Amino acid sequence: MRLLSTPDRTPPWLTVVGLGEDGLAGLADEAKAAIAAAELVFGGARHLELADAAIRGERRAWLSPFERSVGAVLAARGRPVVVLASGDPFFYGVGVTLSRRIARTEMRVLPAPSSFSLAAARMGWALQDTACVSLHGRPVDLIRPHLHPGSRILALTSDSDGPAALAALLAESGFGASRLTVLEALGGARERISRHQADRFTLADADMLNVCAVEVAAGEGARILGLAPGLDDELFEHDGQITKREVRALTLSALSPRRGELLWDIGAGSGSIGIEWMLADPSLRAIAIEGHPERAARIRRNARGFGVPGLSVVEGTAPDALTGLAAPDAIFIGGGGSEAGVMEAALAGLKPGGRLVANAVTTEMEAVLLARHARLGGSLIRIDIARAAPVGQMTGWRPAMPVTQWRWVKPAQQTGE
């Protein structure tokens, strides 16, 4: 006879309560009772003020850095504790942070509508068809990949300057005709909604608690980032050291990005491969390794311009610059692969089951790839592209330099070459 384990019925000691700007008036009786019964109540100064009338225990305002407060919450394990949060604690909220340290069975969560839900309700927008972007404490450049004609975006900003910064980005990127609705202090007594055109934005006193609703309109020359790999070369700032769009599209296909993965882009040049890797999904990360300081600075500018400011840039030359980096799930070698030790370090650093893709335009690098293919296997392809160009008064084909591409998957049990 199989014995079933007895479920743990110990009540959670931590309650995370989502608050709106209407404070206690918007809370259910369960949430009010939890706040009243708590020995410790953590929250921002605004949250503590909104819930003041219900608090019977000790108030603890968030500390800086925030990790100190997380430690204080953990130190109170076993006592009745309430954490006050904004709206839905698991949508860009404190609940996500706490859940990394506290088991689900130890906490209960009583969410309120998120600012995105409230904004969608005010705008009459279908939330599932709207891009929701948090710019709270994050670069405004993160909005760029979402700027497509006709798109609707809800952007949570950091402070009263956020709407103006967003309007300025829209205007300078060719989206100045976009309609920008600023929704301030939603759900509270200070709620205010105002509508603007991005290139005529004049609101100077926005409440620090605001969400911007953007209805995207693209003007001539607007910087639109397509959804398919192989973006136009002209969108990148480069000095000629760039994987051209057709080859880049094939390279991204060979790298096969998967959610949550990390890429090493060795000899990154303009950073185009790492940038497009990160554009494929918000969960993807990339490290661009580049030895030329000017190019490294250019990669950072490109990353901001494509809305992936989280791209990490390491200034240095492989293989030395690879030391100490987090192990990658995929590696692209676009430059410097024929230098001593580079290929060996890349093969050793790659996670088991990871993919390595290397492109060669020189005979020296091609010889390296042919030798590796002979020893390790993998796939080898030759990419030949020709572009139409004027030939006198007529048009002819001008072939680009051929590219040899090697793709290799590291065996699951292999730790080095």
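Side chains are part of it too, since the values below use all heavy atoms of this structure and drop only hydrogens, waters and symmetry mates. Since the structure is predicted, the reported quantities are computational estimates derived from the model, not experimental observations.
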- Message: Run the side chain to side chain contact (heavy atoms under 4.5 Å, CB included) test on Ile153 and Val133 for me, step by step, so that the C-alpha distance in whole Å, both residues' side-chain angles and the decisive distance to 0.1 Å come before the verdict.
- Response: CA-CA 7 Å; Ile153 305 168; Val133 183; 4.2 Å; yes

So does [Y] get a backbone contact from the side chain of [X], meaning a donor-acceptor N/O pair under 3.5 Å?
X      : Y      : value
Ser158 : Gly137 : yes
Arg372 : Val368 : no
Ser160 : Met208 : no
Arg223 : Phe175 : no
Lys410 : Leu350 : yes
Arg355 : Leu255 : yes
Thr130 : Ala126 : yes
His238 : Gly240 : yes
Asn210 : Asp159 : yes

- Message: Using a 6.0 Å cut-off, check whether atom CZ of Arg179 has over 12 heavy atoms from anything other than its own residue.
- Response: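 Not more than 12 within 6.0 Å, no.
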
- Would you find more than 12 non-hydrogen atoms of other residues, nucleotides or ligands less than 6.0 Å from Arg200 atom CZ?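 Counting neighbours around CZ of Arg200, 12 or fewer heavy atoms of other residues, nucleotides or ligands fall under 6.0 Å, so no.
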
- Task: Dump the intermediate steps for salt bridge (charged side-chain N to carboxylate O under 4.0 Å, His left out) on Arg192 and Asp205, then the final yes or no.
- Result: CA-CA 11 Å; Arg192 180 175 67 166; Asp205 60 343; 3.4 Å; yes

Between [X] and [Y], does at least one N-O distance fall below 4.0 Å, as a salt bridge requires?
X      : Y      : value
Arg152 : Asp129 : no
Glu237 : Arg300 : no
Arg245 : Glu234 : no
Arg259 : Glu261 : no
Lys244 : Asp233 : no
Arg122 : Glu191 : yes
Glu49  : Arg59  : no
Asp329 : Arg258 : no

- Message: As a quick check of understanding, evaluate salt bridge (charged side-chain N to carboxylate O under 4.0 Å, His left out) for Arg101 and Glu67, giving each step before the final call.
- Response: CA-CA 11 Å; Arg101 305 281 297 276; Glu67 185 61 29; 2.5 Å; yes

Rounded to the nearest 0.5 Å, how far apart are [atom1] of [X] and [atom2] of [Y]?
X      : Y      : atom1 : atom2 : value
Glu215 : Gln197 : CD    : CD    : 11.5 Å
Ile102 : Met107 : CD1   : CE    : 4.5 Å
Glu172 : Asp199 : CD    : CG    : 12.5 Å
Met278 : Leu263 : CE    : CG    : 10.0 Å
Leu110 : Leu27  : CG    : CG    : 8.5 Å
Leu135 : Leu169 : CG    : CG    : 9.5 Å

- Step by step, would you call Asp88 with Ser117 a side-chain hydrogen bond (donor to acceptor under 3.5 Å, both in side chains)? CA-CA 9 Å; Asp88 185 345; Ser117 294; over 6 Å; no

- Query: Can you list the steps and then say if Thr97 with Arg100 is a side chain to side chain contact (heavy atoms under 4.5 Å, CB included)?
  - Reply: CA-CA 6 Å; Thr97 303; Arg100 298 189 185 110; 4.0 Å; yes

- Pairs meeting criterion ring pair (Phe, Tyr, Trp, His ring centres under 6.0 Å) with involvement of residues 257-311, two or more places apart: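 Applying ring pair (Phe, Tyr, Trp, His ring centres under 6.0 Å) to every pair that reaches into residues 257-311, excluding sequence neighbours, yields Phe236-Phe306.
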
- Plane angle bin for Trp408 and Trp406 - parallel if under 30°, tilted between 30 and 60°, otherwise perpendicular: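 Aromatic pair Trp406/Trp408 classed parallel.
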
- Go through the steps for Ser379 and Arg407 under the test side-chain hydrogen bond (donor to acceptor under 3.5 Å, both in side chains), then give the verdict. CA-CA 5 Å; Ser379 62; Arg407 183 182 191 269; 5.6 Å; no

I want to check something: taking the side chain as every heavy atom from C-beta on, are [X] and [Y] in contact at a cut-off of under 4.5 Å?
X      : Y      : answer
His146 : Ser151 : no
Val83  : Leu98  : yes
Ile287 : Asp265 : no
Ile383 : Ile381 : yes
Gln405 : Leu380 : no

- Message: Among Leu356, Ile266, Leu252, Thr243, exactly one meets side-chain contact (heavy atoms from CB on, under 4.5 Å) together with Phe332. Which residue is that?
- Response: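 The option that passes is Thr243.
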
For a quick test of reading the model, state the closest non-hydrogen atom pair linking [X] to [Y] and the distance between them.
X      : Y      : value
Val82  : Ala34  : CG2-O, 3.4 Å
Ala303 : Ile275 : N-CD1, 3.8 Å
Pro402 : Asp384 : CB-OD1, 3.1 Å

- Query: Between Leu127 and Cys132, is a side chain to side chain contact (heavy atoms under 4.5 Å, CB included) present by the stated rule, with each step listed?
  - Reply: CA-CA 8 Å; Leu127 196 56; Cys132 296; 3.7 Å; yes

- Message: Let's go through Asn302 and Ser270 carefully: what are the C-alpha distance in whole Å and the side-chain angles of both, what is the deciding distance for side-chain hydrogen bond (donor to acceptor under 3.5 Å, both in side chains) to 0.1 Å, and is it a yes or a no?
- Response: CA-CA 7 Å; Asn302 277 329; Ser270 66; 4.8 Å; no

- Message: Test side chain to side chain contact (heavy atoms under 4.5 Å, CB included) on Arg190 and Glu184; report intermediate values, then the result.
- Response: CA-CA 7 Å; Arg190 304 189 321 278; Glu184 306 170 57; over 6 Å; no

Kindly list each side-chain donor-acceptor pair under 3.5 angstrom involving residues 38-46, sequence neighbours excluded, with atom names and distances?
{"unit_1": "Glu39", "atom_1": "OE1", "unit_2": "Arg79", "atom_2": "NE", "d": "2.8"}
{"unit_1": "Glu39", "atom_1": "OE1", "unit_2": "Arg79", "atom_2": "NH2", "d": "3.2"}
{"unit_1": "Arg46", "atom_1": "NH1", "unit_2": "Glu21", "atom_2": "OE2", "d": "2.2"}
{"unit_1": "Arg46", "atom_1": "NH2", "unit_2": "Ser86", "atom_2": "OG", "d": "3.2"}

- Message: Set out, in order, the CA-CA distance, both residues' side-chain angles and the distance that settles salt bridge (charged side-chain N to carboxylate O under 4.0 Å, His left out) for Arg60 and Glu58, then state yes or no.
- Response: CA-CA 7 Å; Arg60 294 277 189 94; Glu58 181 182 347; 2.8 Å; yes

- Query: So Ser173 and Arg144, side-chain hydrogen bond (donor to acceptor under 3.5 Å, both in side chains) or not? Walk me through it.
  - Reply: CA-CA 9 Å; Ser173 301; Arg144 294 183 187 273; 3.0 Å; yes

